[in-house]
Participant: 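Mind having a look at this structure? Questions to follow.
Here is how names work: the chains are called A, B, and so on, in the same order as the sequence lines, proteins then strands, and each is numbered from 1.
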There are 2 protein chains.
Amino acid sequence: MKQQEVFRAMADPTRRAILKRLQGGALSAGEIGALFDMTAASLSHHFAVLKKADLVRTERRGRYIVYSLNNSVFEDLARMVFDLFPLKENPPRGSSGGKR
Amino acid sequence: MKQQEVFRAMADPTRRAILKRLQGGALSAGEIGALFDMTAASLSHHFAVLKKADLVRTERRGRYIVYSLNNSVFEDLARMVFDLFPLKENPPRGSSGGKR
DNA sequence: GCAACATTTAGATAATTGTCTAATTATCTT
DNA sequence: AAGATAATTAGACAATTATCTAAATGTTGC
């Protein structure tokens, strides 16, 4: 699991925006491009980072390359986050380990 | 909420390691320093990033400055992650948007 | 108040990252 | 196969980031 890749990918606002757009369903590189004020080349670079982190998947559809969220990695990401923090809200110093 | 700061802070492996160490309880800057092969100055920089993201809090205790996790931001982070991904595994194209 | 200690801040440098333009690859249509 | 379209790759450059050394700040104990 590429923890580093995932966190790195999420660190850029453009990439997070791309992920957010993809929530609405798969989009081609060009369609995404139309939504951002940036060259196709720059976006392509962002796609590469997202792909390396396994956050998106691609499928060629004729002339288009279609991007979609890879939801399975979402679980991993959630796990990472939970793993990085203790499980309790704000342990008032007396409560011994609660549930999960 | 400083979404950008939080994600940026999490993007560095040293910082994630610091967070992980703090799970075991609060530690002074020096104690943390003993765990990493890096100058105190460099670590201090990482502390600053973590603080700016509100992921840790500090308290001066005499000569020491003690760092601890700020668990409340954990919730925010979880929310961000959940917000960034749809809730369903792999919406089969026909299902109209579910709850929340 | 001075010396020792713990940590941060300042300033410099090397590595990484985000963006661009130009060139390349892949696909479709005729 | 040639031309048009969609996207990626290559190469360059500016901005950001991580790290270091040296200096400064804040705290304790004599």
Side-chain angles (χ1 to χ4, degrees), chain A residues 2-22 24-70 77 84, chain B residues 2-22 24-70 77 84:
Chain A
K2 311 148 190 164
Q3 179 154 345
Q4 177 55 29
E5 304 299 337
V6 174
F7 279 116
R8 169 165 137 48
M10 305 277 286
D12 184 87
T14 299
R15 288 194 289 266
R16 289 198 305 277
I18 292 171
L19 292 175
K20 207 131 184 43
R21 291 291 189 166
L22 289 177
L27 292 172
S28 72
E31 288 172 321
I32 297 172
L35 302 168
F36 292 88
D37 190 21
M38 190 176 290
T39 66
S42 297
L43 278 172
S44 193
H45 162 255
H46 286 304
F47 297 152
V49 175
L50 289 170
K51 242 179 117 173
K52 195 164 161 199
D54 231 29
L55 287 163
V56 301
R57 274 175 293 150
T58 64
E59 181 201 353
R60 186 174 268 278
R61 274 197 168 233
R63 269 192 282 203
Y64 304 86
I65 293 183
V66 173
Y67 284 87
S68 55
L69 284 186
N70 180 5
L77 176 58
L84 222 39
Chain B
K2 312 150 189 163
Q3 179 154 345
Q4 177 56 29
E5 305 298 338
V6 174
F7 279 116
R8 169 163 137 49
M10 305 276 286
D12 183 89
T14 298
R15 288 193 289 266
R16 289 199 306 278
I18 292 171
L19 292 175
K20 207 132 184 41
R21 291 290 188 168
L22 289 177
L27 292 171
S28 73
E31 287 171 320
I32 297 172
L35 302 168
F36 292 87
D37 188 22
M38 190 175 289
T39 66
S42 297
L43 278 172
S44 192
H45 162 254
H46 285 305
F47 297 152
V49 175
L50 289 169
K51 243 179 117 174
K52 194 165 164 198
D54 231 29
L55 288 163
V56 300
R57 272 174 295 151
T58 62
E59 181 200 353
R60 184 174 270 278
R61 273 196 169 233
R63 269 193 281 204
Y64 304 86
I65 294 183
V66 173
Y67 285 85
S68 56
L69 283 186
N70 180 6
L77 176 58
L84 221 40

Participant: Which pairs would a plain distance check flag for residues 41-51 of chain A, meaning a side-chain donor or acceptor within less than 3.5 Å of a matching protein atom at least two apart in sequence or in another chain?
Facilitator:
| from | atom 1 | to | atom 2 | distance (Å) |
| --- | --- | --- | --- | --- |
| A:Ser42 | OG | A:Thr39 | OG1 | 3.0 |
| A:His46 | ND1 | A:Arg15 | NH1 | 3.1 |
| A:Lys51 | NZ | A:Thr58 | OG1 | 3.3 |

Participant: Looking at residues at least two apart in the chain, or sitting in another chain, which of them share a salt bridge (Lys or Arg N to Asp or Glu O under 4.0 Å) with A:Glu59?
Facilitator: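 A:Glu59 satisfies salt bridge (Lys or Arg N to Asp or Glu O under 4.0 Å) with A:Arg61 once adjacent residues are dropped.
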Participant: Given axes from five pairs at either end, by how many degrees does the helix from C:dG1-D:dC30 to C:dT30-D:dA1 bend, rounded to 10°?
Facilitator: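 That helix has its two terminal axes inclined by roughly 30°.
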Participant: Taking heavy atoms of chain A and a 4.0 Å limit, find me the 5'-most and 3'-most nucleotide of DNA chain D within that range.
Facilitator: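 Reading along DNA chain D, I get D:dT5 to D:dT9.
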Participant: Identify, residue by residue, the members of residues 7-21 of chain B with a heavy atom below 4.0 Å from DNA chain D, and return them in order of residue number, or none.
Facilitator: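 Heavy-atom cutoff 4.0 Å gives B:Arg8, B:Asp12, B:Arg15.
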Participant: Is the backbone N or O of A:Met10 less than 3.5 Å from a side-chain atom of A:Arg16, with the two atoms forming a donor-acceptor pair by type?
Facilitator: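 Yes; judged by distance alone, with no hydrogens or angles, the pair exists.
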Participant: How many Å lie between CD1 on A:Ile65 and P on C:dC28, as a whole number?
Facilitator: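 Rounded to the whole Å, the gap is 11 Å.
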Participant: Among residues at least two apart in sequence or on other chains, which ones pass side-chain contact (heavy atoms from CB on, under 4.5 Å) with B:Lys52?
Facilitator: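 Residues passing side-chain contact (heavy atoms from CB on, under 4.5 Å) with B:Lys52: B:Glu5.
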Participant: Provide the closest heavy-atom pair for A:Phe7 versus A:Leu84 in the form atom of the first, atom of the second, distance.
Facilitator: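 Taking A:Phe7 first and A:Leu84 second, the nearest heavy atoms are CZ-CD2, 4.3 Å.
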Participant: For the pair B:Gln3 (side chain) and B:Leu77 (backbone), establish whether a donor and an acceptor sit closer than 3.5 Å, ignoring hydrogens and angles.
Facilitator: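 Flag not set: sc B:Gln3 to bb B:Leu77 has no pair under 3.5 Å.
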Participant: In chain order, what residues pass the side chain to side chain donor-acceptor pair (under 3.5 Å) check against A:Arg8, with sequence neighbours excluded?
Facilitator: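 Per chain and number, A:Arg8 pairs via side chain to side chain donor-acceptor pair (under 3.5 Å) with no residue.
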Participant: Restricting to side-chain contact (heavy atoms from CB on, under 4.5 Å), what partner residues turn up for B:Ala40, sequence neighbours left out?
Facilitator: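 Counting only residues at least two positions away or on another chain, B:Ala40 forms no side-chain contact (heavy atoms from CB on, under 4.5 Å).
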Participant: Within the structure, does a side-chain N or O atom of B:Ser28 lie under 4.0 Å from either OP1 or OP2 of C:dT7?
Facilitator: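 It does, given that an N or O in the side chain of B:Ser28 lies less than 4.0 Å from OP1 or OP2 of C:dT7.
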Participant: What parts of residues 36-48 of chain B reach DNA chain D, counting only heavy atoms under 4.0 Å away?
Facilitator: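 Those residues are B:Met38, B:Thr39, B:Ala41, B:Ser42, B:His45, B:His46.
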